[in-house]
Amino acid sequence: MSFGSDFYSVRMRAAVGGPHEAGGRHLSGAERLVPGAEAEAASVALLQRALRLGIPPDFVRITLERVAPEAIERIPCPDVITVLTEDPAAAREAAVRLLAEVGVAEGVARAAFRGLLSGLGPGGRTMRGAALYSARTGKRLEGNPERGVRASHMDYAPEVREAVVETLLRAGLTHPRTMEALVVAAKGLWAGALAEVCWSDDPDYTAGYVATRRHGYVRFPVFKPQGAAGGRVFFVNPAAGRPARFIERLEKRCVLVSGPPRVRPSIPIEALDTLLGDEEP
Ligand code: AMP
C-alpha cells in the first residue's frame, strides 16, 4: 500500500486496574509521528513497550491518526547542556535560578518541586501527563488533575533522526530517555511554555532536566532525590493568553524537530553563574 507523503501519529497508553478514564493507574505512554510506511513498525514497537514493562497492563490503547504533510510544522531543537552537581539539592537550587531567569517566581518553582517529590496528581499519585503551573501565581491550570496535559503529535523529522542519535551518543547521552525527553521539551517550548522541569517515574533513573526559553535543555545527571515520585511540570505565563492556546498547541498540533541539538560542553555547578550571565546562549 502506498501512503504517499502522509504521516501517522501513533500513540500508546497503558494502565493497571482498568482504563485511565475509569480510574486505572497510568503505567506508560509514548508518542511518535512517522511516515506512513513506518506506522506499522512504530505501533508494534510501542505495543511491545507496553507489554514489557514488568507489570502486565490491564489496559493498553494504541491510537493511529493519519496526518497530511501540510499539517506538520518544523520546529527547532533546543540546545543541550549538562550541569554537574554532587547531589539533587544543589541541582534543585540551580534549577530554581534557571527558572527564575525566564520569569518563574521562586515560590512557584519550589511548589513545583514539592509536587515532583510527593506526586503531582490527586492523593500524591503520579499523573499521566504534566502539571501546568502559572509561572507567576503557581495556580494549577490543567483541566484534569489525573491526566494533566500531554505533549503528543511530535517526533524528530525522519531525515534527521539518525543525526540526532549520533549527536547525543557523541556527547555521551546514550539513554533513549534523553532522546524522548528532548522532543517533549522542544514541543513544550514551541507551544509557548516559559519552562519545563522533569524527572522520571523510573526509581533507578536519577537524571532530569529543566528546559527554558533562554538556555534550552539543561540536564542534571543527579536531579531526582531518592524516593521522589516522578513527574513533569510546564510553566506558562497566563498573561500571554489563556492556557487553552498552549494546551492546543502541545496536544494537537503536529510538529517535527528539524535538526540535531547543539550540545554545549558540560559545566560544573560552580560555573552556573557564567551560564546565567551568558548574553548569547
Ligand atoms: P518519564 O520520563 O517517561 O518517566 O515521564 C515522567 C513523567 O512525565 C510521567 O509520569 C508523566 O507524568 C510525564 N510525561 C511523560 N510523557 C509526557 C508527555 N508526552 N507529555 C506530558 N507529560 C509527560
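Every number for a ligand or one of its atoms is a count from 1 in the order of the listing.
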- Query: Any N or O on Phe234 sitting closer than 3.5 Å to an N or O of ligand 1?
  - Reply: no
- Message: Is there a polar contact between ligand 1 and Thr126, counting only N or O atoms under 3.5 Å apart?
- Response: no
- For the residue pair Glu21 and Arg13, what are the closest heavy atoms and their distance? OE1-NH1, 2.9 Å
- If you have a sec, work out which protein heavy atom is nearest atom 19 (N) of ligand 1 and how many Å separate them, to one decimal? Ala151 O, 2.9 Å
- More than 12 heavy atoms of other residues, nucleotides or ligands under 6.0 Å from CD of Gln48: is that the case? yes
- Message: Heavy-atom count check: over 12 atoms from other residues, nucleotides or ligands less than 6.0 Å from Arg253 CZ?
- Response: yes
- Query: Against heavy atoms of Glu31, which atoms of ligand 1 measure under 4.0 Å?
  - Reply: 19 (N)
- Item | Atoms in ligand 1 flagged as close to Met127, the criterion being non-hydrogen separation under 4.0 Å | 10 (O), 11 (C), 12 (O)
- Message: Tell me the protein heavy atom at minimum distance from atom 3 (O) of ligand 1, and give that distance in Å.
- Response: Arg177 NH1, 3.7 Å
- Heavy-atom contact under 4.0 Å between Arg128 and ligand 1? yes
- Item | Aromatic centroids of Tyr205 and Phe223 separated by under 6.0 Å | no
- Item | Test: Glu251 and Arg150 ion pair at under 4.0 Å | no
- Return the residue, atom name and 0.1 Å-rounded distance of the protein heavy atom closest to atom 21 (C) of ligand 1. Val149 O, 3.3 Å
- Do any nitrogen or oxygen atoms of Asp202 lie less than 3.5 angstrom from nitrogen or oxygen atoms of ligand 1? no
- Message: Looking at Glu65 and Arg11, is there a salt bridge between them, counting it only when a charged N and a carboxylate O are closer than 4.0 Å?
- Response: yes
- Item | Heavy-atom gap Gly129 to ligand 1 smaller than 4.0 Å | yes
- Item | More than 12 heavy atoms from other groups under 6.0 Å of CD on Gln226 | no
- Starting from atom 5 (O) of ligand 1, find the nearest protein heavy-atom neighbour and note its residue, name and distance. Arg232 NH1, 3.5 Å
- Side-chain heavy atoms of Val236 within contact of Ser134, under 4.5 Å: no
- Task: State if Leu250 counts as touching ligand 1 under the rule of any non-hydrogen atom under 4.0 Å.
- Result: no
